[in-house]
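Atoms considered below: every heavy atom in the structure, side chains included; atoms not considered: hydrogens, waters and symmetry mates. Residue numbers begin at 1 in each chain, while the letters A, B, ... track the order of the sequences.
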Amino acid sequence: MSEQILRRDPRVEWILRNRLHPLHAEYALAPAEVRGPSGLLRKNPHAVGFMGPNGIKRIDRLAGNGPAGGAVRGSGKGAAQAPQLPKVTIDTPDYHLVVVPDLVGGRLSGHDRDLLGQARKLVREHGGASGGEGAVVAVLFGECRESQHSLGAAGIDRVVRFDDKAFEGYCPEQELTALLAVERGFAPRHWLFPDSVQGGGERGRRLAARIAERPATQAWLVDKDSTVCRGAGESLDITRSTPRLLLLAAECAEPVDDALYEARDETVKSAAQVRPQLQDRGPVAVDPSAVPLAEAEFILSAGNGIHNWDQFHRTAELLGATEGASRVAVDDGHMPRFRQVGATGTWVTARVYLAVGISGAIQHMQGIGQCDKVVAINTDAGCDMVKRADLSVIGDSEAILSELVKLAENYRVGGAEDAA
Amino acid sequence: MQPDLKIVTLVSIGRHPGSGRERRAEQDGRALELGLRLAGDRITALHAGDPAAGALRTYAGMGLPSLRVLQQSEADDAVPVLSGYLKHNGADIVLTGVRAESGESSGMLPYLLGEALGWPVVPRIADITQIDGGYAELLQALPRGQRRALRVKLPFIASVDLAAAAPRQSAFGPAARALIEPLAVASTPDTERAEWTRAPARKRPKRLKVVKATSAAERFKAATAKAQKEGGQVLKGQPAAEQAQAIFDLLLEEGVVR
């Protein structure tokens, strides 16, 4: 009864065999798959491909890997489209995991992303034992420069922001009250902090001391049940059961890159203003030339294209930059050897690297591999440094530096007037 | 500087990273150095552990007439005895290192003491610049060689960063002559720690660049193609003033020009 009787239609078969039949196109729109009488999948080798413009059959064996659209040749950039990530929404989570990223300079650092990857891994493991759905909550202190999309792509379900005036500057006690409000609001299953010098280590330890949780510090291998921590000056691995509060080392897990989470804004009952025992008196001006080159934040680097060295030193002083140099400048005796940037000199980690008259030898490019933003001033638009740079200015370095000096002087004078 | 300032420095047994031998801990040495500069030899150096440990003498060799030791075994918890001592004897400033070089080295001790005593905790200080009228002006070490000024009311607990002044040399004679005062305290075993397993640190796996490719062509491209970063903005042919303005705007936006 239930078995379908397969009937052949000889006329249709005849039309399908004859490509020149006027009705061929109608019938040839073959269904996605054809099952034979025994239920076997039948493939028609004649239906593969399409007719080319000159009447010759073409078979596309690229299987979708060719240039997108297939129409425009030579437009390589059109092909590199960002893949659509599957969207994940968790509406009613059964439990929460709270991550407190460092948010250095308002952006998620690599360490923060590792942490979020670890949080997602813990959620997966808890969910495996039918433990319900978990949501990853990120608590962001201060100004955040990441868009909601990039927060979601990093693996965040819910965002709690503390960015009003009370959280400006260094305010550990205010942050602690905010974290305690989150603790009351979400009752998280785990707290995840980066064990870093950027503030995460301090926040985590303060919270741990307040809520009397014994944290796992410098944890680098964490799953649902057990945690491995580094202790005794990086010489000991301590294996213990996973505590509620984790201070994680860098590269503890792979960052999230396979799904787009919601990053929905959520508010907790606002924390009360505290009277701080610690008063922040603001940053202290440090001599940029005394900061070691390897950890300087802003480097003004000189190469072969600099002729007016007095002007270069004056620019560095006015901008508050640490001075660096390429190998040529050092070999010629214009700069001391400890200022050399590159594979044979210092590997720098600056956030902003301003290269003046450096064309970019490969050894130099290796040395600045970890820099975030590179700005190049050069006369040659085709050099490697310009290819690497986020902003390149093609022109005479002396003229541009003198304009920069003017701008910096005006800014300093203006800033002083504003302050007064 | 007030002459009657009571400074307590907590010292621990360090561990040489290469040989693994006991030594003066880097950060604790700096904390003691800071204390010695503030209060001279009126400073109290306090250790919780074994009074016979040889590395304790290296602290005494920095110019201490005596060193107090709260007698404990390896399995005991140092926080209750230290907070009990500080509560009973009082202090204006307690200096510690950021993390110990032996044991769990969780870096929790200053925070737990601060919580137990109700005192403010200042992590990672580089210097104490002034103490006046019950308040101290501190210099906190930030990443990238930056410093922040803080003001805090006495008494407080501070952990000393490696950015602080290096400790003076330890002299053998004074170290041998110094008095080590053992103080008997009640045993407070750390039961949670007893359940942990320890092993020599194993090398952490190096993170590999994993290519998530769906087809052979993509894998081939990932293996052979040079990662071509899309070039940034290029300014060419504008007057120098305009170009310099573009650079300066970027520097301001990144917050490196202050």
Side-chain angles (χ1 to χ4, degrees), chain A residues 63 65 105 170 197-198 201-202 205-206 208-210 214-215 217 220 230-240 251 277-284 286 291-292 295-298 319-320 351-352 354 373 375 381 386-396 399-400 403-404 407-408 411, chain B residues 15 17 20 101-108 111-112 114-115 120-124 137 139 143-153 192 195-202 204 207 212 215 217-218 229 231-236 240-241 243-248 250-251 254-258:
Chain A
N65 285 317
Y170 180 65
V197 294
Q198 307 279 4
E202 187 189 341
R205 288 189 173 88
R206 278 187 197 274
R210 180 60 58 88
R214 190 163 191 169
T217 55
W220 62 276
R230 275 281 142 93
E234 307 287 303
S235 69
L236 193 70
D237 269 344
I238 301 172
T239 310
R240 51 185 290 186
E251 298 198 359
Q277 291 177 296
L278 286 173
Q279 294 168 30
D280 185 4
R281 289 298 178 91
V284 177
V286 285
V291 177
E295 59 176 59
E297 188 174 28
F298 174 29
L319 292 175
R351 218 147 55 70
V352 180
L354 179 47
K373 282 254 188 291
V375 183
V386 171
K387 282 179 197 149
R388 161 78 167 83
D390 300 274
L391 171 68
S392 329
V393 169
I394 312 300
D396 178 35
I400 294 165
E403 291 293 335
L404 261 180
L407 282 171
Y411 180 77
Chain B
R15 181 190 172 281
E101 294 175 4
S102 52
E104 189 190 351
S105 68
S106 65
M108 282 297 291
Y111 299 96
L112 291 172
E115 208 56 46
V121 180
V122 195
R124 297 189 171 272
E137 304 264 346
L139 222 49
R144 297 194 178 280
Q146 303 296 308
R147 299 279 185 274
R148 181 194 282 143
L150 294 172
R151 185 176 152 87
V152 63
K153 196 174 188 310
E192 199 180 331
E195 292 160 15
W196 302 347
T197 53
R198 289 136 209 279
R202 95 180 116 109
R204 283 185 63 181
R207 178 176 278 180
K212 278 194 179 171
S215 66
E218 268 177 44
K229 206 185 154 204
Q233 191 192 358
V234 180
L235 300 179
K236 198 174 179 180
Q243 294 177 327
Q245 186 66 50
I247 295 176
F248 198 69
L250 185 136
L251 299 182
E254 288 295 321
V256 287
V257 173
R258 298 187 190 97

Might you confirm whether atom CZ of B:R207 has over 12 heavy atoms from other residues, nucleotides or ligands at distances under 6.0 Å? yes
Interface residue of largest heavy-atom contact number with chain B, from A:R351, A:K373, A:R240, under 4.5 Å: A:R240
Test salt bridge (charged side-chain N to carboxylate O under 4.0 Å, His left out) applied to A:R205 - qualifying residues, sequence neighbours left out: A:D195
Residue, of A:R214, A:Q198, A:R206, that accumulates the most heavy atom pairs under 4.5 Å with chain B: A:R214
If I measure from the heavy atoms of chain B, does A:V197 come under 4.5 Å with its side chain, its backbone, both, or neither? both
Shorter than 4.5 Å, heavy atoms on both sides: which option in A:T217, A:T239, A:L404 has the most such pairs with chain B? A:T239
Is it the backbone or the side chain of B:K153 that comes under 4.5 Å from a heavy atom of chain A, or both, or neither? backbone
Toward chain A, the part of B:L250 with a non-hydrogen atom under 4.5 Å: side chain
Contacts of B:R151 meeting salt bridge (charged side-chain N to carboxylate O under 4.0 Å, His left out) (sequence neighbours excluded), chain-then-number -> B:E137
When heavy-atom pairs shorter than 4.5 Å are enumerated against chain B, which of A:G282, A:G320, A:S392 gives the highest number? A:S392
Under 4.5 Å between any side-chain heavy atoms of B:W196 and B:E104, yes or no? yes
Would you mind telling me which of A:V291, A:L391, A:I400 has the largest number of heavy-atom pairs within less than 4.5 Å of chain B? A:L391
So which of A:S235, A:A399, A:G201 has the biggest tally of heavy-atom pairs under 4.5 Å with chain B? A:S235
Is B:R198 salt-bridged to A:D237, going by a charged N under 4.0 Å from an acidic O? no
Applying a strict 4.5 Å limit to non-hydrogen atoms, the region of B:P17 in contact with chain A is neither
Partner chain A: residue of B:A240, B:A149, B:P200, B:S105 with the largest heavy-atom pair count (under 4.5 Å): B:A149
Is A:V393 close to chain B through its backbone or its side chain, or both, or neither, when contacts mean heavy atoms under 4.5 Å? both
What part of A:P215 gets closer than 4.5 Å to chain B, counting heavy atoms only: side chain, backbone, both or neither? both
